[in-house]
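Structure record follows, encoded as structure tokens.
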Protein chains: 2
Amino acid sequence: MSGYAPSEAARRSGFSLDTLRYYEKIGLLADVGRTTGGQRVFTDDDLGWLVLFRCLRDTGMPIAQMCRYAELAREGEHTADERRELLQQHAARVEEQMLLLSRQYEHLREKIRFYERLPGPVPETDQPTANRLGPAVSR
Amino acid sequence: MSGYAPSEAARRSGFSLDTLRYYEKIGLLADVGRTTGGQRVFTDDDLGWLVLFRCLRDTGMPIAQMCRYAELAREGEHTADERRELLQQHAARVEEQMLLLSRQYEHLREKIRFYERLPGPVPETDQPTANRLGPAVSR
DNA sequence: CTCCAACCTGGAGTGCGCTCCAGGTCAAGC
DNA sequence: GCTTGACCTGGAGCGCACTCCAGGTTGGAG
């Protein structure tokens, strides 16, 4: 239910110890508990934040924006609208990202298909992707 | 059919002039033609390479790997297998990337749905995502 | 009580992929 | 011939997100 050692928090969140310390230093993760001796103790709540940060990072949100979000959350319930908007705008960017990624993935597959046809029946030159990639320097 | 000025090549490829020069400097783009005065002239072949680089960059391939690919291509037809493998391995990484991205996108959407339910009928606390994100510091 | 692995701090360093700059050259239009 | 905007080079600088380090402290096992 409660306290996790730094190494445990790192293991569970997938962030390195250094990254956890870094996130605290820049104010992304605030108010992390300590033992009397000064060692960090992460709560389930902290872990929840880390899961969120993992999600936002994996989807390409810059750290500055995550800080903004965290700050808003700390300010209280009256910032909920702004937080929602921030996430929605981010989601829109993620959608574009996914679209671009899948389009480019298709190009990549096409290129690979070209290579797979290479040792095949007819070694037809001039494939649709428009560059031969051989030693032809063409100038 | 043939020569493009640097600015035109930049416009068509979506890379900046500086990036084009940089790509040439590190040997990613080799043998770019020049006028007698020393100004670059990009061919359709060069443009084809740039389109490929665009695809690989957009899908997250590190520049070092693109260099490796370009080098292989310059070495001749006998490296076709290695090039295909390189692209296939990259494609596999892209697939993982797309999977992760769409999973995290779903988490994000869930979070947003939580915010959209906030001003709704019943302001039920304790949503499934397991962190309240309010001022509750919980320690 | 002793040990040692895990932890602490502040600050410097790293890797990537550009991006910017100064100071000079080129070439197309008038 | 002159102007002017696009271009050239080598090299420095930047922004991001960590990552590493030295030198010291903590705390649970034996």
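Numbered from 1 within each chain, the chains take letters A, B, ... in sequence-line order.
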Which atoms of nucleotides 4-6 of chain D (N or O only) lie under 3.5 Å from a protein N or O atom, and what are those distances?
none

Roughly how far apart are B/E24 CD and B/D31 CG, rounded to 0.5 Å?
8.5 Å
Expressed as a whole number of angstroms, how long is the span from B/L17:CG to D/dC8:P?
8 Å
Could you go step by step and tell me if A/R84 and A/L87 meet the side chain to side chain contact (heavy atoms under 4.5 Å, CB included) rule?
CA-CA 5 Å; A/R84 179 184 39 72; A/L87 293 188; 5.9 Å; no
Are B/D81 and A/Y115 linked by a side-chain donor-acceptor pair shorter than 3.5 Å?
no
Should A/R68 and A/E82 count as an ion pair when the cut-off is N to O under 4.0 Å?
yes
Strictly below 4.0 Å, N to O, side chains only: are A/E8 and A/R40 in salt-bridge contact?
no
Atom CZ of B/R21 and atom P of D/dA12 are separated, to the nearest Å, by 18 Å
Between which nucleotides of DNA chain C, 5' to 3', does chain B make heavy-atom contacts below 4.0 Å?
C/dG17 to C/dA27
Which residues share a side-chain contact (heavy atoms from CB on, under 4.5 Å) with B/S102, sequence neighbours left out:
A/M98
Can you list everything that forms a ring-ring contact (aromatic ring centres under 6.0 Å, His included) with B/Y23? Sequence neighbours excluded, please.
B/F15
Does B/R40 put a side-chain nitrogen or oxygen below 4.0 Å from OP1 or OP2 of D/dC8?
yes
Under 3.5 Å, which donor-acceptor pairs do the side chains of residues 52-65 of chain B form with other protein atoms, sequence neighbours left out?
{"from": "B/R54", "atom 1": "NH1", "to": "B/G14", "atom 2": "O", "distance (Å)": "3.2"}
{"from": "B/R57", "atom 1": "NH1", "to": "B/M61", "atom 2": "O", "distance (Å)": "2.9"}
{"from": "B/D58", "atom 1": "OD2", "to": "A/Q104", "atom 2": "NE2", "distance (Å)": "2.8"}
{"from": "B/T59", "atom 1": "OG1", "to": "B/C55", "atom 2": "O", "distance (Å)": "2.8"}
{"from": "B/T59", "atom 1": "OG1", "to": "B/L56", "atom 2": "O", "distance (Å)": "2.9"}
{"from": "B/T59", "atom 1": "OG1", "to": "B/H90", "atom 2": "NE2", "distance (Å)": "2.8"}
{"from": "B/Q65", "atom 1": "OE1", "to": "B/R93", "atom 2": "NH2", "distance (Å)": "2.8"}

Atom pairs, protein N/O to nucleotides 13-17 of chain D N/O, distance under 3.5 Å:
{"from": "D/dA17", "atom 1": "OP1", "to": "A/I63", "atom 2": "N", "distance (Å)": "3.4"}
{"from": "D/dA17", "atom 1": "OP2", "to": "A/I63", "atom 2": "N", "distance (Å)": "3.4"}

Can you confirm whether B/P6 sits close enough to B/L20 that some side-chain heavy atom of one is under 4.5 Å from a side-chain heavy atom of the other?
no
Mapping A/G37 and A/S16 to their closest nucleotides on DNA chain D, which lands nearer the 5' end?
A/S16
Could you go through the side chain to side chain contact (heavy atoms under 4.5 Å, CB included) check for B/R83 and A/K111 one step at a time?
CA-CA 10 Å; B/R83 264 137 64 200; A/K111 194 97 201 161; over 6 Å; no
Check the pair A/Y105 / B/E95 against side chain to side chain donor-acceptor pair (under 3.5 Å), numbers first and verdict last.
CA-CA 8 Å; A/Y105 175 72; B/E95 281 162 32; 2.4 Å; yes
Mapping A/F15 and A/G38 to their closest nucleotides on DNA chain D, which lands nearer the 5' end?
A/F15
